[in-house]
Structures are given as C-alpha cells and as structure tokens.
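First the structure, in the form of structure tokens, and then the observations on it.
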Amino acid sequence: MESICSFLVCSGLFLAIAMILCLKGKNLGRRTKKLPPGPPGWPIIGNIFDLGTEPHRALQELKLKYGPVLRLRLGSMDTVVIQSAKAAAQLLKNHDASFCDRKPLDEMFFAGSETTSAATEWAMAELLRKPEAMRKVKEELNEVVGENRNVEERDIEKLPYLQAVVKEALRLHPSVPLLVPRNTMQDTNFMGYHIAKDTQVFVNAWAIGRDPDSWEDPLTFKPERFLGSNIDYKGQNFELIPFGSGRRICIGMLLAQRVLLLSLASLIHCFDWELDKD
C-alpha cells in the first residue's frame, strides 16, 4: 500500500514539474518573438478595465502611446487592435485569409441593419449642426427631384452632395466602431510582429476615420472633402471602412447603402429642418 501511495505522489510531482517546464518553455518561446506593444494587464482579467464604457475611444487613446497595432489581453483571450489605414490595408489585403475565422452570418446582417438607422440619425444630427450643409442638400434635391414628386432610387446617382454627406457621416460615426471581430487561423507574421493562432483581432474603424494621418481636419463634418474624390466605403479605401473589407465585409452593405441614401433624401426633401433657436 505504501509503495502505491509513493508511486502516486511521485507521478503527481513528475506531472506537475513537466507542466511547469512546458508552460515556461511556451512563455519563453513567445518572449523571444516580437509581439505588438500594449499596456500591462492585471492577472486573470488582463486589460478589460482599460477599455472603459466606450472601447473605441479608449483604444484610440492607447494608440497615441503604443502605435497603430496594439496588443491586449482580455481575460484569457489574446487580442490585437488595428488602428490606422496602413495597418488595416496590410491586414485586409495581405493577411485576409489568415485572419478570417468567421462568426455566424447574422452578426454581419445585424451590422448592416444597425448602420441604416444609426447613420441616418447621425447624418441628420450633423446637418442640423451645419445649416449650410443642410441647405446644399435641400437645393440639390429640389433641382434634381423638384417639389411635385417623391425621391426615387433612380435619383440617387444624380445627388453627389447627398452621397458625400453619407460618406462623411459614416467616416465620423461608423455604426459598428470596431467592426466584426476576426480570429487568426494560424501563427502569422504581421508587420514584423508575431500574432499567435486564435488571437482575436479588431479593426477600429472609428479611430481610422478620425486619423489625422489620413484626413485633413478629421474632427470636422465636411462633406465637401468627398466631392470629386474616388474614396468610397466599399472596402477598397482603407481610410474609410465602416462596413469592413475583404472576406469579412458586411454582406448587408449594398442594402444598407440604398436604404440610407433614400431615407435621408426623403427626410430632407419632404420636410424643413432646423434646430430650435430657444
């Protein structure tokens, strides 16, 4: 009996030592590889408290210290956040397949439907704060549509200022600020950093849309910046990606675009809007 107990104790100690050595070896291996910079985290919970109530804003602040490729640990989940157009282009053009572990499609349908209502509200709010821009949209609608009929879908392509207003609203106020998350399918070298398999990856479209490296006067609502510009939100211009890009682009984008443009045009065409002066 004593021999059996001794054997079990020795076996348990051996397994414990083996596990400790394996974990140390794994951590040592990770430390020898260059990881993205990021703030130190707490035991167990990691950096969860660093995100606050508005993670996209908190992450933008962390970018100022750690740069456009940020590493966090959210609980037990390794996380990387992309926060510049250049880094987003590298991810979505060159590493799309490696960072494309998909979640259910309904999540992307939700992003598209959520964009329609939220972007309409934000566009109206910005136009109400900029009466001159509201006046330009109204004049364009009266010139193209007239006052005796309703706006139709065929009118939209003849309304460049309205389209510019929508682009500017989506630049400043993407409805899904961190887009739909991705997961790495394999260990990947990304911009010189080691990104381990099963790392969660967010793209901070909100921060990218307000990045002074990509936009002049980025915090100002200025639809004119898109007039005569080829920049669009369909996933090819990485400074403007409210619907994402690549394999994870929002599959409801085209429907959201049509509904958003038509609903905004109808609201402005049918009613006169202004803020209460009181």
Side-chain angles (χ1 to χ4, degrees), residues 15-104 107-108 110-111 174-211 213 238 241 244-248:
L15 289 173
I17 293 170
M19 289 180 64
I20 291 170
L21 290 174
C22 285
L23 289 172
K24 284 190 173 181
K26 181 179 178 181
N27 290 334
L28 181 61
R30 292 181 65 179
R31 284 198 296 268
T32 59
K33 297 174 181 177
K34 184 180 180 183
L35 301 175
W42 293 89
I44 302 177
I45 62 173
N47 301 102
I48 288 177
F49 290 150
D50 291 325
L51 300 183
T53 58
E54 294 184 298
H56 53 288
R57 293 180 184 271
L59 291 168
Q60 185 193 39
E61 290 295 319
L62 290 173
K63 175 194 171 186
L64 300 177
K65 182 175 182 179
Y66 296 103
V69 181
L70 174 69
R71 180 176 178 268
L72 301 170
R73 193 162 183 83
L74 303 180
S76 61
M77 177 70 72
D78 281 332
T79 302
V80 168
V81 186
I82 306 300
Q83 303 199 88
S84 74
K86 180 181 178 181
Q90 285 287 326
L91 172 71
L92 301 170
K93 288 174 66 176
N94 301 333
H95 296 277
D96 194 29
S98 300
F99 289 70
C100 200
D101 186 12
R102 301 178 74 98
K103 293 195 174 184
E107 193 172 7
M108 287 180 280
F110 169 77
S175 298
V176 186
L178 297 175
L179 301 184
V180 178
R182 297 164 174 253
N183 281 76
T184 53
M185 302 177 68
Q186 60 195 31
D187 287 1
T188 304
N189 185 292
F190 175 71
M191 297 182 69
Y193 297 118
H194 174 74
I195 310 297
K197 180 184 177 182
D198 295 326
T199 297
Q200 179 176 239
V201 180
F202 288 102
V203 178
N204 193 345
W206 187 88
I208 292 172
R210 295 163 179 255
D211 189 348
D213 291 336
F238 297 97
I241 48 173
S245 180
R247 290 172 173 83
R248 296 300 305 276

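Given the structure is predicted, the values throughout are model-derived calculations rather than measurements.
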To the closest 0.5 Å, what do you measure between [atom1] ([X]) and [atom2] ([Y])?
X: Leu91; Y: Asp96; atom1: CG; atom2: CG; answer: 7.0 Å
X: Lys63; Y: Ile208; atom1: NZ; atom2: CD1; answer: 7.5 Å
X: Phe202; Y: Ile82; atom1: CZ; atom2: CD1; answer: 12.0 Å
X: Leu62; Y: Asp50; atom1: CG; atom2: CG; answer: 6.0 Å
X: Tyr66; Y: Glu61; atom1: OH; atom2: CD; answer: 12.5 Å
X: Asp198; Y: Gln200; atom1: CG; atom2: CD; answer: 11.0 Å

Smallest separation among heavy atoms of [X] and [Y], with atom names:
X: Lys34; Y: Gly192; result: CD-O, 3.7 Å
X: Leu35; Y: His194; result: CD2-O, 3.4 Å
X: Pro174; Y: Ala205; result: CG-C, 4.1 Å
X: Gly38; Y: Leu70; result: CA-CD1, 3.7 Å
X: Ala88; Y: Ile241; result: CB-CD1, 4.2 Å
X: Val69; Y: Ala87; result: CG2-CB, 4.0 Å

Derivation of the side chain to side chain contact (heavy atoms under 4.5 Å, CB included) call for Val80 and Thr184: CA-CA 10 Å; Val80 168; Thr184 53; over 6 Å; no

Ile44 atom CD1: more than 12 heavy-atom contacts under 6.0 Å: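 It does not: Ile44 CD1 has 12 such atoms or fewer within range.
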
Could you walk me through whether Thr79 and Asn47 pass the side chain to side chain contact (heavy atoms under 4.5 Å, CB included) check? CA-CA 10 Å; Thr79 302; Asn47 301 102; over 6 Å; no

Derivation and outcome, side chain to side chain contact (heavy atoms under 4.5 Å, CB included), residues Arg182 and Leu92: CA-CA 11 Å; Arg182 297 164 174 253; Leu92 301 170; 3.1 Å; yes

Side-chain donor/acceptor of Thr199 to backbone N/O of Asp78, under 3.5 Å: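 Side chain of Thr199 to backbone of Asp78, a donor-acceptor pair under 3.5 Å: no, none is there.
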
Worked check of side chain to side chain contact (heavy atoms under 4.5 Å, CB included) between Arg71 and Tyr193: CA-CA 10 Å; Arg71 180 176 178 268; Tyr193 297 118; over 6 Å; no

Would you mind reporting whether Leu178 and Pro55 have side-chain heavy atoms less than 4.5 Å apart?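 A side-chain contact under 4.5 Å exists here.
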
